[in-house]
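In each ligand, atom 1 is the first atom listed, and ligand 1 is the first ligand listed.
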Amino acid sequence: KRHKFWETQPVGQFKDLGDTSLPEGPIEPPTPLSEVKQEPYNLPSPYEWTTCDMDSEEMCNEVYVLLTNNYVEDDENMFRFNYSKEFLRWALRPPGYYRSWHIGVRVKTSKKLVAFITGVPAKIRVRDTVVIMAEINFLCVHKKLRSKRLAPVMIKEVTRRVHMENIWQAAYTAGVVLPTPISTCQYWHRSLNPKKLIDVGFSRLGARMTMSRTIKLYKLPDQTITPGFRKMEPHDVPAVTRLLRNYLKQFVVAPDFDENDVEHWLLPKEGVIDSFLVESPVTHEITDFCSFYTLPSSILGNQNHTTLKAAYSYYNVSTKTPLIQLMNDALIVAKKKDFDVFNALDVMQNDSFLKELKFGPGDGKLHYYLYNYRTKHVLRSSELGLVLL
Ligand SMILES: COc1cccc(CC(=N)NC(=O)c2cccnc2OC2CCNCC2)c1
């Protein structure tokens, strides 16, 4: 039976789609903390819960190895996300994080880590209401333990631990359709190293196209072209916070970043997150911002290449520099940093540059979900101002 688990959860149900009489907001009220289940859910007998301390080199490595071998693959099982350890430490330890929300499942006898799920706290605005939510991510069950119904009990356990911190909503994304997406995005890819992308089967040579013609088509200048375009630095945090908060106001769902959040999520970290801004050479005002995160993919079964170096568009703000020019500078920097491909979702105003900057549509969609929060309508992807890792 499809969605046996999700029909028991406080999420929008397919049967409610189109019923605009249902109000926007929480689906269920908070439970008194004294009534929240105090002990962990039961796992099947061979398994036990563990808390993954990402500060521990050993545990962080166990998580890295589990995800490297068992996390999300593309639809044709040619690529698998290969989040780095530094990236995982960044993604899982934002301001106010709870170590207890980094949940692992071990085999009692061997102590092998065989499953993982995480939450991090985030302030998310939905229209005019700021809600403290858990951002749920990295749900991974070892390939050999699939369809043992571990995922539902892991989701219930992370929900229970989130409830214990008096948080009642969550946000998550998935490549699969579950009850019920608040929005569905198309992903797009911009080739930076077309020869490698074709060699590994990520892209195909276009009809009536030669390889040299394809390389020329995607060629980029050696230098960025916007005057005042530079790497973000710590002293830029207040100005970038103001710029980003103002820009994100236009979207129905968006993070409510303060300076601490901006310092964590947007200051450059080598091999994890790159961020740039435009400082007007005359007024020294910060007028524009762009950022992308580093998420390589393992290439499964290719003799010549093992890793696809991919950049993922994160948060971008344009107030003076045309967004197309700003994003072209982001492509130029990504190419200089030896990325093979630059990925983007059609969220925010990304639709305005995708085709012109030679992005091609990906072969899948990314669905956005809220837990225990109903939106009046399914949102257009351009109404989304939230990018999850
Ligand atoms: C190229 O290697 C891949 C390895 C695994 C999966 C996919 C396809 C895919 N599922 N892509 C995305 O979900 C995606 C495409 C563009 C931008 N962000 C994305 O996902 C992000 C955000 C959600 N969590 C994963 C990373 C591609």
Asks: Taking all non-hydrogen atoms of both residues into account, name the closest pair between Leu388 and Tyr293 and its distance.
Replies: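 For Leu388 versus Tyr293, the nearest heavy atoms are O-OH, 3.3 Å.
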Asks: Looking only at side chains, do Ser297 and Asn82 share a donor and an acceptor under 3.5 Å apart?
Replies: no
Asks: Which protein non-hydrogen atom lies closest to atom 17 (C) of ligand 1, naming both residue and atom, and how far is it?
Replies: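 Ranked first by proximity to atom 17 (C) of ligand 1 is Tyr312 CD2, 3.3 Å.
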Asks: At a 4.0 Å threshold, what atoms of ligand 1 neighbour a non-hydrogen atom of Glu73?
Replies: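 Numbered from 1, ligand 1 contributes 5 (C), 6 (C).
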Asks: Taking 4.0 angstrom as the limit and counting only heavy atoms of Ser297, give me the atoms of ligand 1 inside it, by number and element.
Replies: 1 (C), 2 (O), 3 (C), 4 (C)
Asks: Could you tell me, atom by atom, which parts of ligand 1 come under 4.0 Å of a heavy atom of Asp74?
Replies: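 Under 4.0 Å from Asp74, ligand 1 has these atoms: 5 (C), 6 (C), 7 (C), 27 (C).
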Asks: Using a strict 4.0 Å cut-off to heavy atoms of Phe202, name the atoms of ligand 1 that fall inside it.
Replies: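 Reading through ligand 1 atom by atom, the close ones are 1 (C).
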Asks: Which ligand 1 atoms does Tyr83 reach within 4.0 Å, using its non-hydrogen atoms?
Replies: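 Going through ligand 1 atom by atom, the ones under 4.0 Å from Tyr83 are 24 (N), 25 (C), 26 (C).
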Asks: Under 4.0 Å from any heavy atom of Leu366, which atoms of ligand 1 are there?
Replies: 13 (O), 22 (C), 23 (C)
Asks: Should Glu28 and Arg374 count as an ion pair when the cut-off is N to O under 4.0 Å?
Replies: no
Asks: Going by heavy-atom distance to atom 6 (C) of ligand 1, choose the closest among Tyr172, Tyr368, Phe81.
Replies: Phe81
Asks: Is there a side-chain contact between Asp288 and Leu277 (heavy atoms, below 4.5 Å)?
Replies: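 No, too far: nothing below the 4.5 Å cut-off.
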Asks: Between Lys156 and Gln9, is any side-chain donor less than 3.5 angstrom from a side-chain acceptor?
Replies: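 Gln9 and Lys156 do not have a side-chain donor-acceptor pair below 3.5 Å.
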Asks: Does Lys309 make a cation-pi contact with Phe339, if we ask for NZ or CZ under 6.0 Å from the ring centre and within 45° of the axis?
Replies: yes
Asks: Within a 6.0 Å radius of atom CD on Gln38, are there more than 12 heavy atoms belonging to other residues, nucleotides or ligands?
Replies: yes
Asks: Check whether NZ of the Lys or CZ of the Arg Lys249 lies under 6.0 Å from the centre of the six-membered ring of Phe251 and within 45 degrees of that ring's axis.
Replies: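 Output no; distance or angle outside limits.
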Asks: Which part of Leu388 is near ligand 1, with near meaning a heavy atom under 4.0 Å away: side chain, backbone, both or neither?
Replies: backbone
Asks: Would you indicate whether the side-chain heavy atoms of Leu331 and Arg190 approach each other to under 4.5 Å?
Replies: yes
Asks: Of all the atoms in ligand 1, which lie at a distance below 4.0 Å from a heavy atom belonging to Thr173?
Replies: 23 (C)
Asks: So, is Leu389 polar-close to ligand 1, with some N/O to N/O distance under 3.5 Å?
Replies: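 Looking only at distances, the answer is yes, because the N/O contact criterion of under 3.5 Å is met.
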Asks: Using a 4.0 Å cutoff against the non-hydrogen atoms of Tyr293, which atoms of ligand 1 qualify?
Replies: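 Answer for ligand 1: 21 (C), 22 (C), 26 (C).
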Asks: Return the residue, atom name and 0.1 Å-rounded distance of the protein heavy atom closest to atom 15 (C) of ligand 1.
Replies: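 Going atom by atom, the protein heavy atom closest to atom 15 (C) of ligand 1 ends up being Tyr187 CG, 3.3 Å.
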